[in-house]
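Okay, so here's the structure we're looking at.
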Amino acid sequence: MASDGEDVNLTPTESLATDTEDEEHPLSPQQHSDQETDEEDLEVEEAPASSEDADVDELLRQLEDYTPTLPDALTVNVLKSAGFSKVDPQIVRLVSVSAQKFISDIANDALQHCKTRNTNIQHSSGHSTSKDKKNPKDRKYTLAMEDLVPALADHGITMRKPQYFV
């Protein structure tokens, strides 16, 4: 032991050995190594700790069979450009599905903004054309910047047109 304030670097096994030497029955090196092998021989069955872990395991199993709209190769490329060196295929699939959901939410929000804008224009003009009298399910909508900008703003993304397009 260091008594003069010397720095001593002990590994956990060395500190265990020095602590047990002070006891009445010190462990011999053979007994110490037997304890380590006993711990290594134990087989531990992994069981989900909670229902959340079980839900995650079930989701990952379902993702193995699902093919997302975004290809895995594209997701891997984006992840590698973001700094990931090796990526687990389950993580790639999870990121692909998450990105698909994010894009879908933005597109649906933009569609709602478009529908709201079109109904407001029809009501404010006071008259409707024969084109507007079609069944609402038969209408074709076009994704416009004026619908996309508020949808992106709802998700925390600020987007502005460059000045040369104004």
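Note that this is a predicted model, so its numbers are computed, not measured. By convention here, the first residue in the shown sequence is residue 1.
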Do the non-hydrogen side-chain atoms of [X] and [Y] ever get within less than 4.5 Å of each other?
| X | Y | result |
| --- | --- | --- |
| Leu74 | Pro71 | yes |
| His155 | Ile106 | yes |
| Asn118 | Tyr141 | yes |
| Lys80 | Val76 | yes |

Legend entry - Positive for side-chain contact (heavy atoms from CB on, under 4.5 Å) with Thr75, one of Ile91, Val95, Val87, Leu94: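 By the side-chain contact (heavy atoms from CB on, under 4.5 Å) criterion, Thr75 pairs with just one of Ile91, Val95, Val87, Leu94: Val95.
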Any chance you could measure [X], atom [atom1], to [Y], atom [atom2], to the nearest 0.5 Å?
| X | Y | atom1 | atom2 | result |
| --- | --- | --- | --- | --- |
| His113 | Asp154 | NE2 | CG | 4.5 Å |
| Cys114 | Arg139 | SG | CZ | 8.0 Å |
| Leu143 | Leu111 | CG | CG | 9.0 Å |
| Leu152 | Met159 | CG | CE | 6.0 Å |
| Leu63 | Leu59 | CG | CG | 4.5 Å |

Legend entry - More than 12 heavy atoms of other groups within 6.0 Å of Arg61 CZ: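 Yes, enclosed.
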Inset, instruction - Give the cluster check for Ile157 versus Leu148: same hydrophobic cluster or not, with ILVMFWY residues linked at side-chain heavy-atom distances below 4.5 Å. - result: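 Shared cluster, yes.
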Legend entry - Cluster overlap Leu70 with Val78, hydrophobic side-chain contacts below 4.5 Å: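 Cluster IDs for Leu70 and Val78 match.
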Legend entry - Check ion pair Glu64-Arg93 (N to O, under 4.0 angstrom):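 Looking at Arg93 together with Glu64, the answer is no, because their closest N to O distance does not fall below 4.0 Å.
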Inset, instruction - Looking only at non-hydrogen atoms, find the nearest pair between Pro68 and Ser96 and report the distance. - result: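 Here Pro68 and Ser96 meet closest at CG-CB, 3.7 Å.
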Inset, instruction - Please check if the side chain of Gln90 supplies one atom and the backbone of Leu60 the other of a donor-acceptor pair under 3.5 Å. - result: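 Such a contact is absent between Gln90 side chain and Leu60 backbone.
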Legend entry - Within residues 96-109 or reaching into it, pairs that qualify as salt bridge (Lys or Arg N to Asp or Glu O under 4.0 Å) - sequence neighbours excluded: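 As it turns out, the salt bridge (Lys or Arg N to Asp or Glu O under 4.0 Å) pairs with a partner in residues 96-109, which skip direct neighbours, are Lys101-Asp105.
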